[in-house]
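Read through the structure below, which is laid out as structure tokens, and then see the notes.
Hydrogens, waters and symmetry mates are skipped; everything else that's a heavy atom, side chains included, is used.
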Amino acid sequence: MARTFRVIHPFHPLRDREFELIERRNCWGSDRVWWVDGSGRVRSLPAAWTSEAEEDAFVAVSGGRSAFRPEDLLALADLLAGMAEEGGSGVVGSEVDVNRITPS
């Protein structure tokens with residue numbers, strides 16, 4: 001029997017679709033799964049976006065009580081700090097990026 005996988009990424013258009021796994025391999029530092037789509041083209045996705053992914057230890061321990069992993073929140077904090085150091089570009093509430101629209 002052929003091995004299958006499901007797309008589990010919450011925002012991917014193929015979410016919950018099941019495909020026959022051709023191969024799982026590491027390509028250029030990315031763990032990917034490969035399958036043939038309905039038109040006969042070979043496709044791939046990051047394995048982390050599929051049921052082939054190993055369960056994240058934090059997700060398992062938190063039991064769904066947290067929407068974000070600590071390392072993702074730390075990366076977001078670093079990104080926002082970097083943006084603030086660049087003069088407020090893109091930071092919510094920055095006077096530089098606020099466009100004022102007044103009625104005519």
Side-chain angles (χ1 to χ4, degrees):
M1 182 172 171
R3 186 167 152 193
T4 60
F5 69 90
R6 275 185 316 102
V7 177
I8 61 171
H9 189 283
F11 304 115
H12 197 281
L14 298 175
R15 180 185 165 107
D16 293 330
R17 297 261 321 263
E18 191 169 293
F19 300 97
E20 185 175 331
L21 179 67
I22 294 176
E23 185 175 11
R24 179 178 176 173
R25 69 174 182 230
N26 192 306
C27 292
W28 302 288
S30 175
D31 185 22
R32 301 187 73 81
V33 295
W34 301 79
W35 80 97
V36 177
D37 70 8
S39 65
R41 293 181 60 189
V42 176
R43 302 285 188 167
S44 75
L45 280 173
W49 295 2
T50 72
S51 58
E52 284 289 302
E54 295 177 13
E55 186 173 24
D56 182 277
F58 177 78
V59 172
V61 171
S62 70
R65 294 181 303 253
S66 178
F68 304 102
R69 299 178 310 155
E71 58 265 24
D72 296 334
L73 292 173
L74 291 171
L76 176 61
D78 289 342
L79 176 66
L80 292 174
M83 292 170 73
E85 289 173 6
E86 293 175 5
S89 176
V91 176
V92 175
S94 167
E95 290 183 29
V96 174
D97 294 325
V98 174
N99 292 324
R100 299 188 192 273
I101 300 172
T102 57
S104 47

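Atom CD of Glu54 has 12 or fewer heavy atoms from other residues, nucleotides or ligands within 6.0 Å.
Rounding to the nearest 0.5 Å gives a distance of 10.5 Å between CG of Asp16 and CD of Glu18. With rounding to the nearest 0.5 Å, the separation of OG in Ser30 from CZ in Arg25 is 11.0 Å.
Between Ala47 and Ala53, the closest heavy-atom pair is O-CB, 3.3 Å.
Thr50 is not listed as a side-chain neighbour of Arg6, based on a closest heavy-atom distance of 4.5 Å or more.
In this structure, the side chain of Arg17 does not engage the main chain of Pro13 through any donor-acceptor pair within 3.5 Å.
Within the cation-pi definition used here (under 6.0 Å to the ring centroid, within 45° of the axis), Arg43 does not qualify as a partner of Trp34.
Residues satisfying the side-chain contact (heavy atoms from CB on, under 4.5 Å) criterion with Phe58, sequence neighbours excluded, are Asp56, Ser62, Ser66, Arg69, Pro70. Applying the side-chain contact (heavy atoms from CB on, under 4.5 Å) criterion to His12, with sequence neighbours excluded, gives Val7, His9, Leu14, Leu45, Trp49. When the side-chain hydrogen bond (donor to acceptor under 3.5 Å, both in side chains) test is applied to Arg3, the partners found at least two apart in sequence or on another chain are Glu52.
Between Thr4 and Glu20, the side chains place no donor N or O within less than 3.5 Å of an acceptor N or O (distance only, hydrogens not considered).
Phe19 and Phe5 have tilted rings, their planes meeting at an angle from 30° to 60° on a 0 to 90° scale.
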